[in-house]
Amino acid sequence: MLNAWGFVPDYLSGEAPGIIRMFFGRHCFFMYTQAPGGELRRHANPPQAVRPDPAALRGSEARRSELLELVRADRMPVADIIRAAPELPAPFLNCDLPSLTRRHRDGMVVIGDAASPTSGSGASITMEDAVVLAEFLRDQPGTDQAFRAFERARRARVEAVVAQGKRNIEGNLSGGVRAALRNYFIARTFRKPQVDGKRALWMHDHHIDRGGPVTVGAAG
C-alpha cells in the first residue's frame, strides 16, 4: 500500500479547519483536512498488487493520472483536489509486518511505526513503546535484558494492532454489501464504543500504569 500525501495551497473546501473528511472509494481510500492557513492537506492509500520500484514512484504526472483513475467511479470530491495539486510528492510504501522473530540487535530496537505500519496508530504505538521501553531500561540490569523484556511485553499488542490495520485496509476497499456492512459497523462503533461487553475502540484506549516497577504482564 502506498501513502500518497501532499497539500494544495489556497484551496478552500468549505470545511472548518481541523475537520478530517475520509472517503472509502471503490479502489482507493482518500482523506483531507483544511488547514488554518488556507491550504488543503490530503492523503490517499493507493493499493499495489506488487512491490513497486521506488524510482517509478517519483513521476508526479503519472501518479496524478493513476490517482484520478482510481477515484473516477466514486461520488466524492476527490478528483478536483487531485487536479488542483501543483505537484504530487513521491509516495512512500507501507508493508505488513505480521511478526518479527526478533525486534532488537546490539544497541538497536524496533518500536512504533517501524513495528506496526498500515494501522494508522504509529504515533500512539510509538508513545506507548517509549514509555514501556524507558521503564524496562530503568528496572532491568542491562540493555539486552531490557530489550528482551520489552519485546515480550509488547509483542501481543503490537501484532494485534498490525492485524487490525490489515483488516482496516481490506475494509477500505470493500464494495457492495461489504461496504454497506463496513459503514454500518463504523457508525455503530463511534456511537456506542462498548459493544457486547467488549470495547470496540480497544486500539485507542490502551492504558499503561506508570510509576512502580514494570512487569511483562502489566506492560503488555
Side-chain angles (χ1 to χ4, degrees), residues 1-8 11 13 20-33 39-103 110-126 129 155 157-183 185-186 189 203-204:
M1 183 192 72
L2 295 180
N3 282 291
W5 56 277
F7 69 94
V8 186
Y11 190 102
S13 64
I20 298 176
R21 292 292 179 188
M22 300 183 181
F23 300 90
F24 298 93
R26 292 176 176 83
H27 306 292
C28 184
F29 172 78
F30 192 96
M31 71 182 199
Y32 68 80
T33 184
E39 73 271 16
L40 192 77
R41 299 170 184 172
R42 56 168 183 79
H43 179 86
N45 287 137
Q48 302 292 295
V50 297
R51 189 186 187 95
D53 181 352
L57 301 178
R58 301 193 187 104
S60 178
E61 292 311 308
R63 186 62 51 200
R64 190 191 309 274
S65 298
E66 178 183 328
L67 282 173
L68 287 171
E69 180 60 26
L70 288 173
V71 303
R72 179 175 57 83
D74 296 318
R75 293 182 296 175
M76 53 188 188
V78 171
D80 289 343
I81 296 172
I82 296 171
R83 293 190 188 98
E87 62 177 341
L88 274 68
F92 58 92
L93 183 65
N94 267 4
C95 297
D96 281 326
L97 296 174
S99 182
L100 294 176
T101 303
R102 185 174 180 181
R103 296 176 182 268
V110 176
I111 69 169
D113 225 7
S116 59
T118 77
S119 67
S121 299
S124 303
I125 295 296
T126 300
D129 280 348
R155 181 177 296 278
R157 172 161 171 78
V158 169
E159 292 185 356
V161 170
V162 171
Q164 183 63 51
K166 185 175 187 299
R167 289 193 292 271
N168 290 347
I169 291 170
E170 293 169 346
N172 288 352
L173 302 177
S174 298
V177 175
R178 291 184 64 191
L181 288 171
R182 175 202 63 207
N183 295 344
F185 282 111
I186 288 176
T189 295
M203 288 176 61
H204 308 293

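Environment of CZ in Arg102: crowded, with over 12 heavy atoms of neighbouring residues, nucleotides or ligands closer than 6.0 Å. Crowding of Arg21 atom CZ: a count of heavy atoms from other residues, nucleotides or ligands under 6.0 Å not exceeding 12.
Taking all atoms of both residues into account, the shortest heavy-atom contact from Leu67 to Ala44 is CD2-CB, 4.2 Å. Arg42 approaches Pro89 most closely through the heavy-atom pair NH2-CD, 3.8 Å. Across all their heavy atoms, Gly112 and Asp129 have their closest contact at N-OD2, 2.8 Å. Contact between Ala85 and Arg64 at its shortest, heavy atoms only, is O-NH1, 2.8 Å. Minimum interatomic distance between Ala4 and Pro91 (heavy atoms only, all atoms of both residues): CA-CB, 3.8 Å.
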- Please test Arg103 against Arg155 for side chain to side chain contact (heavy atoms under 4.5 Å, CB included), starting from the C-alpha separation and ending with a verdict. CA-CA 9 Å; Arg103 296 176 182 268; Arg155 181 177 296 278; 4.1 Å; yes

- Message: For Val8 and Tyr32: C-alpha separation, side-chain torsions, deciding distance, then whether side chain to side chain contact (heavy atoms under 4.5 Å, CB included) applies.
- Response: CA-CA 10 Å; Val8 186; Tyr32 68 80; over 6 Å; no

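In this structure, the separation between CG on Leu68 and SG on Cys28 is 10.5 Å, given to the nearest 0.5 Å. Separation of atoms CZ (Arg41) and CH2 (Trp5) is listed at 11.5 Å; rounding is to 0.5 Å. Note that CZ of Phe7 and OG1 of Thr33 are 14.5 Å apart. Values are rounded to the nearest 0.5 Å. For the atom pair Asn45 CG and Leu2 CG, the distance stands at 8.5 Å (nearest 0.5 Å). For the atom pair Phe23 CZ and Met31 CE, the distance stands at 11.5 Å (nearest 0.5 Å). In this structure, Arg75 CZ and Arg26 CZ are separated by 7.5 Å, a value rounded to the nearest 0.5 Å.
With respect to Val78, the side-chain contact (heavy atoms from CB on, under 4.5 Å) criterion is satisfied by exactly one of Asp74, Asp80, Ile82: Ile82.
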